[in-house]
Student: 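Pasting in a structure now, in structure tokens, and then I'll have a few things to ask.
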Amino acid sequence: MQELLLETGEKMEQESTGFGSSKFSSLQWVFKVKNMAWEAYKSKPFSHWVLLFLSSLGMLVAFPASSLLSRVYFANGGTSKWIISWVAVAGWPIPALILFPMYLFHRTSPTPLSLQLFFSYVFLGFLSAADNLMYAYAYAYLPASTAALLASSSLAFSALFGFWIVNNKLNASVINAIVIITAAMTIIALDSDSDRYPYVSNSQYIWGFVWDILGSALHGLIFALSEWVFIKFLGRRSFHVVLEQQVMVSFCAFLFTTIGVIINKDFQGMASEAKTFKGGVTAYNLVLIWSVITFQLGVLGATGILFLASTVMAGVLNAVRVPVTSIAAVIILNDPMSGFKILSLVITFWGFASYIYGTSTGSKLP
């Protein structure tokens, strides 16, 4: 009898403290993340965190700026998808200008260029050229805010390709994030009539949608393959290997894209396009020049994140820049923002939160 009373008392105590224990478990998770962050901070030199901060800034500022500039190009009279793709990689000498002084003053030597590493650069360059062209078509037909929201699907593709190629962890929260973001993309597809420009046909809008999703998938694949190249061939020896990879991949993408521009005879049309551009030749040149700079800084930031952290963090930051781009597009470019698009943005935030939680807990699927 005494044992029965004791057992009943214990059950009542557990039930009465159920809500409190739930709050306590939430606090435990917060403290756990805080301790993990502090331990991670102590495990790396201060220079590591400076480079990580600058790389993150490149992704969160330069990439959205380059996306908005692409939309500005098409909205003000630009028509060539190949030119805007070429601009995205024409800045390949920028990381080279940073790399060469490192060879001279920091006593670092170039990474030996093996045949496998060379073909890895060529293949990544080809994928990057194709990816830029897909996004060019997307921004030609879609508002910048819509294109950015669709590009958030790259988070899902980064998670999947990172799991298959470099064995990054994949758990229930990450899978949940993939499903949520897919739902957000579906909502945008159902609301296509609210933000389609009058001069864009229904078929062009659909193709812009398709090219954006395909470009996001390719973007996720490039992230995973870039990390694989670091692991397999370059290692994590010094930050100069980040610059080496960006120079080589961007240069190869530049060559592929230049061939496409020449075949399409778009270089010859730049002079007439500049004359008819809203704002004149000066505005046309400024848009292209700043597109060159911002895109290279964004790619440098993304490659730096892959080197300093992982595909997971690159995917998270690549997704976080989505609401930044969407909100900036509404404010700066007066993009239409319907109720469905706002709902999609909120759901996308939910997906990001689920993804971040899943990657921070580190628990694998059974």
Side-chain angles (χ1 to χ4, degrees), residues 57-95 97 128-151 195 197-200 204 208 211-212 215 219 246 250-251 253-254 256-258 260-262 264-302 321-322 324-336:
L57 201 64
M59 286 196 70
L60 296 179
V61 177
F63 260 148
S66 66
S67 298
L68 294 179
L69 286 167
S70 296
R71 185 58 229 162
V72 168
Y73 168 80
F74 288 114
N76 289 277
T79 58
S80 174
K81 287 82 175 176
W82 277 106
I83 288 296
I84 207 68
S85 303
W86 181 79
V87 163
V89 288
W92 68 267
I94 294 175
L97 293 174
S128 297
D131 190 45
N132 293 333
L133 187 60
M134 290 178 186
Y135 276 134
Y137 272 92
Y139 278 92
Y141 300 137
L142 302 175
S145 55
T146 302
L149 280 169
L150 291 173
D195 65 350
Y197 293 122
Y199 56 84
V200 174
Q204 286 176 328
W211 287 123
D212 207 340
H219 205 68
Q246 185 177 349
S250 295
F251 177 68
F254 173 76
F256 284 120
T257 308
T258 301
V261 175
I262 292 172
N264 209 46
K265 299 180 180 180
D266 281 4
F267 281 135
Q268 293 92 317
M270 288 183 72
S272 60
E273 190 175 67
K275 292 176 183 178
T276 59
F277 194 78
K278 187 178 179 180
V281 176
T282 302
Y284 180 82
N285 291 332
L286 285 174
V287 167
L288 295 186
I289 290 170
W290 279 108
S291 295
V292 169
I293 295 171
T294 54
F295 193 88
Q296 279 302 312
L297 291 178
V299 173
L300 179 59
R321 73 182 175 94
V322 169
V324 174
T325 307
S326 298
I327 294 170
V330 172
I331 296 172
I332 299 172
L333 304 179
N334 296 317
D335 264 15

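Every heavy atom of this structure was used, including side-chain atoms; hydrogens, water molecules and symmetry mates were not.
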Student: With rounding to the nearest 0.5 angstrom, report the CG to CZ distance, Asn132 to Phe254.
Tutor: 12.5 Å
Student: How long is the straight-line distance from CG of Asp266 back to OG1 of Thr257, given to the nearest 0.5 Å?
Tutor: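 Thr257 OG1 to Asp266 CG: 12.0 Å, rounded to 0.5 Å.
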Student: Return the CG to CH2 distance between Asn264 and Trp82, rounded to the nearest 0.5 Å.
Tutor: 7.5 Å
Student: Could you walk me through whether Phe267 and Trp86 pass the ring-ring contact (aromatic ring centres under 6.0 Å, His included) test, one step at a time?
Tutor: CA-CA 10 Å; Phe267 281 135; Trp86 181 79; 5.2 Å; yes
Student: As an exercise, state the distance from CZ of Phe295 to CG of Leu300, rounded to the nearest 0.5 Å.
Tutor: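 CG of Leu300 is found 12.0 Å from CZ of Phe295.
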Student: What closest approach, in Å, do Ser85 and Leu133 show between heavy atoms, and which atom pair accounts for it?
Tutor: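 Closest pair (atom of Ser85, atom of Leu133, distance): OG-CA, 3.2 Å.
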Student: Grab the two heavy atoms, one from Val261 and one from Ile83, that are nearest each other, plus how far apart they are.
Tutor: CG1-CD1, 4.1 Å
Student: Which distance, rounded to the nearest 0.5 Å, do you find between the OG1 of Thr325 and the CD1 of Ile332?
Tutor: 10.0 Å
Student: Taking all heavy atoms of Met270 and all of Leu288, pick out the closest pair and write down the distance.
Tutor: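 So the two residues come closest at CE-CD1, 3.7 Å.
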Student: Run the numbers on Gln296 and Gln246 for side-chain contact (heavy atoms from CB on, under 4.5 Å), then give the verdict.
Tutor: CA-CA 9 Å; Gln296 279 302 312; Gln246 185 177 349; 2.8 Å; yes
Student: Is there a donor-acceptor pair under 3.5 Å between the side chain of Asn76 and the backbone N or O of Val72?
Tutor: yes
Student: Under the side-chain contact (heavy atoms from CB on, under 4.5 Å) criterion, do Ser291 and Val287 qualify, and how do the steps go?
Tutor: CA-CA 6 Å; Ser291 295; Val287 167; 4.2 Å; yes
Student: Locate the shortest heavy-atom distance separating Gly91 from Val292; write the atom from each residue and the value.
Tutor: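 That closest heavy-atom pairing would be CA-CG1, 3.4 Å.
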Student: Apply side-chain contact (heavy atoms from CB on, under 4.5 Å) to residues Phe63 and Thr294 and explain how you reach the verdict.
Tutor: CA-CA 7 Å; Phe63 260 148; Thr294 54; over 6 Å; no
Student: Could you walk me through whether Tyr73 and Glu273 pass the side chain to side chain donor-acceptor pair (under 3.5 Å) check?
Tutor: CA-CA 11 Å; Tyr73 168 80; Glu273 190 175 67; 2.8 Å; yes
Student: About how many Å separate OH of Tyr139 and OG1 of Thr146, when rounded to the nearest 0.5 Å?
Tutor: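 It is 10.0 Å, given to the nearest 0.5 Å.
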Student: Would you confirm whether Asp212, through its side chain, and Gly208, through its main-chain N or O, come within 3.5 Å as a donor-acceptor pair?
Tutor: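 Here the side-chain-to-backbone pair does not exist.
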Student: Give the minimum heavy-atom separation between Ala129 and Phe256, together with the two atoms involved.
Tutor: CB-CB, 4.0 Å
Student: Could you tell me which non-hydrogen atom of Val89 sits nearest to which non-hydrogen atom of Ala253, and how far apart they are?
Tutor: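 Shortest heavy-atom contact: CG1-CB, 3.7 Å.
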Student: Should the pair Tyr141 and Tyr137 be assigned to parallel (<30°), tilted (30 to 60°) or perpendicular (>60°) ring geometry?
Tutor: tilted
Student: Is a side-chain N or O of Asp335 found less than 3.5 angstrom from the main chain of Ser145, in a donor-acceptor match?
Tutor: yes
